**Q** 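If you scroll down you'll find the structure; I have some questions about it.
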Amino acid sequence: MSRRLVFALFALIGCRTPAYGPTERQQGRTEVVFVGGLHRSHLEAPYDLDQLTLLLQRARPEALLVQCPPELIDAVREAPRTHPWSVALPDVGRALAFAQGRGLPVEAISAYSPAFAERSRRYRAEHPAGPDDRAYRRARRYFLRRSAREGARTLEWVASPLYSRLARRVALTRASALRRSGEDALILDWSAHESQYRRGLSYHRGKRIAVVFDARQRWRLEDRTPRWVSVLDARGFLTDNGE
């Protein structure tokens, strides 16, 4: 089987397929729009944040779930553009500013651990290319090539199901490589993030909810989205001409 066919096959496997939007608001239904963030501390060229504001304006969410530790959310809300968390994650700061301007409720859904972050920083400094593993390197190269081809700075690409599936493959091959090398401490336990996400959905049941979370990890939340939630494709709102 050719390498190209292998990647085509895994691209078709995994994440839940969203309904292409925009759609008329289904009153009484819980609807989710995933807004993938490209964080400054992770990437050199994040997308134009005006695209994020446009998406939120057109999606008209009734609540937001954002990637921010609960213990920091009040401080970040007070300074959504200058707090260190929103400087590192400018998509979160922009989303909080949007929510404040419209009086929307916001829930924090990050189980950030300073100790884990420090371990990860040390590992990246020593291994800037990640694990020396063939499957991981192949998945990462393909992901980067496809991103360059599609336009890494566009939110339309970042919001696509294919982006999420390719990011899933990179994450899973990386975790597998770390386990084989005995670096289990560098594999984040996502259960706390996922629990906060599901609590936020339950708290705002019956609303349209925008979820602003690391685009490369969006698939984890997609996988944990209950069946009573309708997942909308964010790209539909980017191409909608109506406000």
Side-chain angles (χ1 to χ4, degrees), residues 7 10-11 13-18 20-21 32-56 58-59 61 64-69 85-96 98 107-112 117 120 124 130 136 139-175 188 190 193-194 196-197 200-201 209-225 231-239:
F7 279 105
F10 81 63
I13 298 171
C15 298
R16 178 173 166 183
T17 302
Y20 198 86
V32 161
V33 181
F34 285 105
V35 184
L38 299 183
H39 304 157
R40 185 172 300 168
S41 59
H42 300 159
L43 298 175
E44 295 179 359
Y47 56 70
D48 183 349
L49 290 175
D50 288 344
Q51 296 178 67
L52 184 149
T53 300
L54 179 63
L55 191 161
L56 291 174
R58 291 176 173 172
L64 274 74
L65 307 184
V66 299
Q67 187 175 1
C68 181
W85 187 268
S86 54
V87 170
L89 284 66
D91 47 287
V92 171
R94 180 65 69 94
L96 288 174
F98 174 87
E107 304 297 330
I109 59 168
S110 172
Y112 170 78
S120 297
R124 286 195 299 269
Y136 166 73
R140 186 171 182 270
R141 282 197 303 267
Y142 184 83
F143 178 53
L144 294 175
R145 283 200 306 269
R146 191 62 185 260
S147 291
R149 185 193 316 167
E150 300 289 344
R153 292 177 63 87
T154 66
L155 186 51
E156 187 172 359
W157 162 239
V158 171
S160 70
L162 179 58
Y163 182 99
S164 195
R165 289 193 289 267
L166 296 178
R168 168 203 285 264
R169 181 62 177 175
V170 173
L172 293 180
T173 53
R174 180 181 184 274
L188 183 62
W190 282 90
H193 293 77
E194 293 159 359
Q196 290 177 2
Y197 167 61
L201 293 179
I209 306 167
V211 180
V212 183
F213 206 84
D214 187 343
R216 299 165 309 159
Q217 306 296 341
R218 189 181 82 225
W219 61 272
R220 299 181 188 274
L221 301 187
E222 290 172 333
D223 282 359
R224 300 301 186 272
T225 300
V231 180
L232 306 181
D233 191 325
R235 297 172 299 167
F237 299 107
L238 291 171
T239 57

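For clarity, every value in this text was computed on a predicted model and none was experimentally measured.
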**Q** Check Thr225, Leu232, Asp233 against Phe34 for a side-chain contact (heavy atoms from CB on, under 4.5 Å) and give me the one that passes.
**A** Thr225
**Q** Are side-chain heavy atoms of Trp157 and Leu162 found at a separation under 4.5 Å?
**A** yes
**Q** Would you mind reporting whether Pro69 and Gln196 have side-chain heavy atoms less than 4.5 Å apart?
**A** no
**Q** Would Val211 and Ile109 count as a side chain to side chain contact (heavy atoms under 4.5 Å, CB included) here? Give the steps.
**A** CA-CA 9 Å; Val211 180; Ile109 59 168; 4.1 Å; yes
**Q** For a side chain to side chain contact (heavy atoms under 4.5 Å, CB included) check, start with the C-alpha distance between Trp219 and Leu172, then their side-chain angles and the critical distance, and finish with the verdict.
**A** CA-CA 11 Å; Trp219 61 272; Leu172 293 180; 3.8 Å; yes
**Q** Is there a side chain to side chain contact (heavy atoms under 4.5 Å, CB included) between His193 and Phe213? Walk through the geometry before answering.
**A** CA-CA 10 Å; His193 293 77; Phe213 206 84; 3.8 Å; yes
**Q** Shortest non-hydrogen contact from Val33 to Ala59?
**A** CG2-CB, 4.5 Å
**Q** Residues in ring-ring contact (aromatic ring centres under 6.0 Å, His included) with Tyr112, at least two apart?
**A** Trp85
**Q** Please find the pair of heavy atoms, one from Val212 and one from Ala95, that lie closest to each other, and give the distance.
**A** CG2-CB, 3.8 Å
**Q** Would you please name every residue forming a side-chain hydrogen bond (donor to acceptor under 3.5 Å, both in side chains) with Thr53, sequence neighbours left out?
**A** Arg94
**Q** Who are the ring-ring contact (aromatic ring centres under 6.0 Å, His included) partners of Tyr136, not counting sequence neighbours?
**A** none
**Q** Tell me the closest heavy-atom pair linking Leu238 and Arg58, and the distance in Å.
**A** O-NH1, 3.0 Å
**Q** Of all heavy-atom pairs between Cys68 and Ala108, which one has the smallest distance, and what is that distance?
**A** O-CB, 2.9 Å
**Q** Apply side chain to side chain contact (heavy atoms under 4.5 Å, CB included) to Glu107 and list each qualifying residue two or more places apart in sequence or on a separate chain.
**A** Leu65, Tyr203, His204
**Q** Just so I know, are the side chains of Leu49 and Pro90 near enough to count as touching, which here means a heavy-atom distance under 4.5 Å?
**A** yes
**Q** Is any side-chain heavy atom of Leu56 closer than 4.5 Å to a side-chain heavy atom of Leu52?
**A** yes
**Q** Restricting to non-hydrogen atoms, name the atom on Ser164 and the atom on Arg218 that form the minimum distance, rounded to 0.1 Å.
**A** CB-NH2, 3.0 Å
**Q** Applying side chain to side chain contact (heavy atoms under 4.5 Å, CB included) to Gln67 and Asp214, what does each step give before you reach the verdict?
**A** CA-CA 7 Å; Gln67 187 175 1; Asp214 187 343; 3.4 Å; yes
**Q** Is any side-chain heavy atom of Arg169 closer than 4.5 Å to one of Tyr142?
**A** no
**Q** Using a 4.5 Å cut-off on heavy atoms from C-beta on, say whether the side chain of Leu54 contacts that of Leu155.
**A** no
**Q** Go through the structure and list residues passing side-chain hydrogen bond (donor to acceptor under 3.5 Å, both in side chains) with Glu194, not counting sequence neighbours.
**A** Arg224
**Q** Report the residues that fulfil side chain to side chain contact (heavy atoms under 4.5 Å, CB included) with Leu144, sequence neighbours left out, ordered by chain and then residue number.
**A** Arg140
**Q** What distance separates Arg168 CZ from Phe143 CZ, expressed to the nearest 0.5 Å?
**A** 13.5 Å
**Q** Is the shortest side-chain heavy-atom distance between Arg216 and Val170 below 4.5 Å?
**A** no
